[in-house]
Amino acid sequence: MIITLIIFILTSIILSIDDIRFFHIPLLLLYLGLLLMIISSFIFYRTLVCSSLIGMVLMPLFFCVVNCLSKKSIGLGDFQYSILCGFISGKNHFINTCILFSILVLVFYFVGKKRYIKNLRIPLVPYMFAGTIMNFLIVRFYTDYFIVS
């Protein structure tokens with residue numbers, strides 16, 4: 001899982017920087033990162049591939065629902081980046097990632113709203129990346145220290 005995670009982190013850092021600076025993410029890099037993640041999972045972690053592929057489908061479905069509820073305010077790049085987050089989270093933990101990401105975005109939104117920023121645009125990729133990494137670290141900490149002990 002570590003190789004797939006490294007590919008995810010490197011891809012996500014570049015995508016986050018582009019999203020913050022330009023509110024646009026390069027889809028070629030996104031799909032190249034996804035392809036490398038899938039290949040590395042097939043080579044090194046065959047038992048996790050099915051869960052990852054299911055998570056890759058479930059996470060964008062969550063964003064479809066959010067997009068419908070939020071007057072279609074989520075960009076296509078953010079929606080497509082959710083495929084990467086779903087793949088790394090898997091079917092068992094994608095909802096935790098969604099919750100953590102949502103909390104981070106809400107905190108940013110209310111801080112920005114307090115500062116009276118009109119037409120606040122939020123680059124979602126950095127928050128989705130942070131939520132995914134937080135979920136990964138929490139799950140690893142929980143399973144390594146509490147379940148195994």
Side-chain angles (χ1 to χ4, degrees), residues 1-70 72-112 120-148:
M1 191 67 179
I2 194 74
I3 295 170
T4 306
L5 185 65
I6 290 170
I7 294 168
F8 174 74
I9 290 171
L10 293 175
T11 304
S12 295
I13 288 172
I14 296 168
L15 294 175
S16 294
I17 291 169
D18 277 357
D19 198 27
I20 290 169
R21 292 178 68 201
F22 307 114
F23 289 97
H24 180 274
I25 61 172
L27 295 180
L28 179 64
L29 178 64
L30 186 140
Y31 287 116
L32 179 64
L34 179 62
L35 181 65
L36 291 173
M37 287 170 55
I38 291 172
I39 290 171
S40 70
S41 291
F42 271 113
I43 292 172
F44 299 110
Y45 317 106
R46 288 185 183 256
T47 57
L48 299 175
V49 171
C50 186
S51 173
S52 294
L53 292 174
I54 293 171
M56 191 172 84
V57 172
L58 292 176
M59 185 79 82
L61 289 177
F62 170 79
F63 278 92
C64 282
V65 171
V66 170
N67 198 29
C68 290
L69 295 175
S70 66
K72 303 197 185 324
S73 62
I74 296 176
L76 185 60
D78 300 322
F79 176 77
Q80 292 174 343
Y81 179 74
S82 71
I83 295 170
L84 249 71
C85 294
F87 186 83
I88 203 76
S89 297
K91 68 175 180 163
N92 297 328
H93 303 290
F94 87 94
I95 197 69
N96 300 342
T97 300
C98 293
I99 291 168
L100 288 169
F101 148 72
S102 300
I103 290 169
L104 291 171
V105 169
L106 286 172
V107 167
F108 178 81
Y109 176 76
F110 286 117
V111 168
L120 181 64
R121 292 178 64 192
I122 301 173
L124 293 180
V125 171
Y127 297 101
M128 293 166 67
F129 172 51
T132 304
I133 293 298
M134 286 170 51
N135 179 51
F136 187 82
L137 294 174
I138 289 169
V139 167
R140 290 291 170 206
F141 177 76
Y142 180 75
T143 55
D144 288 349
Y145 293 104
F146 293 111
I147 303 283
V148 176

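The first residue in the sequence is number 1, and the count goes up from there.
The shortest side-chain heavy-atom distance between Phe101 and Cys85 does not fall under the 4.5 Å cut-off. Between Phe129 and Leu84, every side-chain heavy-atom pair lies at or beyond the 4.5 Å cut-off. A 4.5 Å side-chain heavy-atom check between Tyr109 and Ile122 finds at least one atom pair inside the cut-off. Asn135 is not listed as a side-chain neighbour of Ile88, based on a closest heavy-atom distance of 4.5 Å or more.
Taken from CD1 in Ile99 to NE2 in His93, the straight-line distance is 12.5 Å, to the nearest 0.5 Å. To the nearest 0.5 Å, atoms CD1 (Ile38) and CG (Leu34) are separated by 4.0 Å. For the atom pair Leu58 CG and Cys98 SG, the distance stands at 9.0 Å (nearest 0.5 Å). Atom CD1 of Ile25 and atom CG of Asp18 lie 8.5 Å apart (nearest 0.5 Å). The CG atom of Leu30 sits 6.5 Å away from atom CD of Gln80, with the distance rounded to the nearest 0.5 Å. Between the CG atom of Asn96 and the OG1 atom of Thr132 there is a distance of 11.0 Å, given to the nearest 0.5 Å.
Atom CG of Leu28 is surrounded by 12 or fewer heavy atoms from other residues, nucleotides or ligands within 6.0 Å.
At least one donor-acceptor pair closer than 3.5 Å links the side chain of Asn67 to the backbone N or O of Ile74. Judged by distance alone, with hydrogens and angles left aside, the side-chain atoms of Tyr81 form no donor-acceptor pair with the main-chain N or O of Ser12 at under 3.5 Å. Side-chain atoms of Ser51 never come within 3.5 Å of backbone atoms of Leu48 as a donor-acceptor pair (strictly under, hydrogens ignored). Between the side chain of Ser40 and the main chain of Met37, a donor-acceptor pair closer than 3.5 Å is present.
Gly33 and Ile7 get closest at one heavy-atom pair: O-CG2, 3.7 Å. When all heavy atoms are compared, the tightest approach of Ser16 to Pro126 is OG-CA, 3.6 Å. When every heavy atom of Thr11 is checked against every heavy atom of Leu29, the shortest pair comes out as CG2-O, 3.9 Å. In this structure, Tyr127 and Val105 approach most closely via the heavy-atom pair CB-CG2, 3.7 Å. Between Leu27 and Gly77 the shortest heavy-atom distance is CD2-CA, 4.5 Å. Between Tyr45 and Ile2, the shortest heavy-atom distance links the atoms OH-N, 3.1 Å.
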**Message:** Would Leu53 and Val57 count as a side-chain contact (heavy atoms from CB on, under 4.5 Å) here? Give the steps.
**Reply:** CA-CA 7 Å; Leu53 292 174; Val57 172; over 6 Å; no
**Request:** Go through the steps to decide whether Ile138 and Leu100 satisfy the test side-chain contact (heavy atoms from CB on, under 4.5 Å), and finish with yes or no.
**Result:** CA-CA 11 Å; Ile138 289 169; Leu100 288 169; 4.3 Å; yes
**Message:** Please evaluate residues Thr97 and Phe136 with respect to the criterion side-chain contact (heavy atoms from CB on, under 4.5 Å), reporting the C-alpha separation (whole Å), side-chain torsions for both, the decisive distance (0.1 Å), and the verdict.
**Reply:** CA-CA 8 Å; Thr97 300; Phe136 187 82; over 6 Å; no
**Asked** When you look at Phe94 and Phe62, which way does the ring-ring contact (aromatic ring centres under 6.0 Å, His included) test go after all the steps?
**Response** CA-CA 9 Å; Phe94 87 94; Phe62 170 79; 7.5 Å; no
